[in-house]
Amino acid sequence: MQQPDSLLALVAFFHREIDDTLLLHQEALLLADHALASEAFALVQAQLRAHIEVEDRLLLPLAPRVRERFAPGVYAAEHGKILDLLDGIARRLAALEIADRRAVIALLDHERVLKNVVEHHESREEQGLLPGLDACLAPPEHAALLAAMATGWLAVRGRLAPRLEAVRRRLASSISGPA
């Protein structure tokens with residue numbers, strides 16, 4: 001990944017990666033591979049938790065500088081809701097009988113709630129907070145913030161990369177069948 005020159009580009013890149021990992025988890029559910037679905041969801045949890053931790057530590061303290069529709073507390077509250085939804089889905093997934101197709105559908109429906117909250121949260125950040133911070137931060141502060149956020153997320157990304165690649169390979173092999 002090349003270092004983006006805006007907070008919007010940096011955060012949007014990681015938003016898309018998290019969204020993609022959630023889709024891998026859901027593909028594994030559709031293939032009735034509980035172990036793979038669980039592994040992929042553990043990666044989603046790790047990505048989202050790291051993402052939220054970096055935003056809470058580095059981004060949200062600067063939110064009051066931006067004049068926008070949403071108070072800074074809205075972002076923190078959404079982070080809490082996302083974490084609660086992750087925990088609830090993890091519990092449902094652990095108890096899931098994968099052969100029960102209706103239970104899988106119910107889990108996918110519940111995951112839609114998570115997706116809705118995440119999509120609304122990402123939209124608020126990408127349309128308000130991030131462009132606002134890109135515009136109002138002085139160049140040295142902006143560059144330092146970009147570097148700190150990228151460093152935090154890239155460390156987690158690097159740590160998770162082998163597991164994520166293994167999930168991708170297993171999914172591809174499940175879809176294409178034995179060689």
Side-chain angles (χ1 to χ4, degrees), residues 1-26 37-91 93 111-168:
M1 179 188 113
Q2 183 180 346
Q3 176 77 20
D5 61 355
S6 73
L7 294 168
L8 176 59
L10 177 70
V11 175
F13 174 83
F14 286 104
H15 284 166
R16 302 301 81 78
E17 279 200 339
I18 295 165
D19 295 344
D20 184 62
T21 306
L22 183 56
L23 289 174
L24 293 173
H25 154 73
Q26 291 184 323
S38 296
E39 173 63 9
F41 192 74
L43 292 167
V44 171
Q45 287 181 289
Q47 287 173 323
L48 269 169
R49 288 182 189 286
H51 189 82
I52 287 170
E53 188 277 324
V54 167
E55 285 187 355
D56 284 350
R57 186 169 42 86
L58 298 172
L59 197 65
L60 294 189
L62 301 174
R65 295 188 192 182
V66 177
R67 301 186 89 183
E68 66 158 325
R69 221 171 80 182
F70 302 104
V74 168
Y75 298 103
E78 287 174 338
H79 284 169
K81 183 167 183 154
I82 290 166
L83 293 172
D84 288 345
L85 287 166
L86 284 174
D87 291 343
I89 291 168
R91 283 191 301 277
L93 181 59
E111 289 177 359
R112 182 71 240 165
V113 174
L114 172 67
K115 283 182 166 187
N116 287 342
V117 171
V118 168
E119 286 168 2
H120 285 105
H121 179 72
E122 290 172 352
S123 177
R124 269 190 270 287
E125 286 181 343
E126 292 176 12
Q127 293 176 16
L129 178 63
L130 298 167
L133 286 172
D134 279 331
C136 80
L137 295 177
E141 186 178 20
H142 187 265
L145 179 60
L146 268 172
M149 291 178 73
T151 298
W153 288 330
L154 288 172
V156 172
R157 186 179 189 235
R159 194 180 79 241
L160 297 178
R163 290 172 57 198
L164 188 54
E165 193 50 42
V167 166
R168 287 183 195 286

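Residue numbers start at 1 and run along the sequence shown.
- Residues meeting the side chain to side chain donor-acceptor pair (under 3.5 Å) test with Arg16, sequence neighbours left out: Glu122, Glu126.
- In this structure the side chain of Leu22 never reaches within 4.5 angstrom of the side chain of Leu48, judged on heavy atoms.
- Proximity of Val11 to Met149: side-chain heavy atoms (C-beta onward) are separated by under 4.5 Å at one or more points.
- Among all heavy-atom pairs drawn from Leu133 and Leu62, the shortest one is CD2-O, 3.6 Å.
- Using a 4.5 Å cut-off on side-chain heavy atoms (C-beta onward), Leu130 and Leu59 make contact.
- By the 4.5 Å heavy-atom criterion applied to side chains, Leu164 and Arg157 are not counted as neighbours.
- Between Arg49 and Asp56 no salt bridge is recorded (no basic side-chain N to carboxylate O distance below 4.0 Å).
- With hydrogens and angles disregarded, a donor-acceptor distance shorter than 3.5 Å links the side chain of His25 to the backbone of Ala37.
- Residues Ala76 and Leu60 come closest through the heavy atom pair N-CD1, 3.9 Å.
- The closest side-chain heavy-atom distance from Arg168 to Asp20 is below 4.5 Å.
- More than 12 heavy-atom neighbours from other residues, nucleotides or ligands sit within 6.0 angstrom of NZ on Lys115.
- Gly128 and Val66 get closest at one heavy-atom pair: O-CG1, 4.1 Å.
- Proximity of Glu55 to Phe14: side-chain heavy atoms (C-beta onward) are nowhere separated by under 4.5 Å.
- Here the closest heavy-atom approach between residue Asn116 and residue His120 is recorded as O-ND1, 2.7 Å.
- Considering only heavy atoms from C-beta on, Thr21 stays 4.5 Å or farther from Gln45 through its side chain.
- Taking 4.5 Å as the limit, every side-chain heavy atom of Glu125 sits out of range of all side-chain heavy atoms of Leu8.
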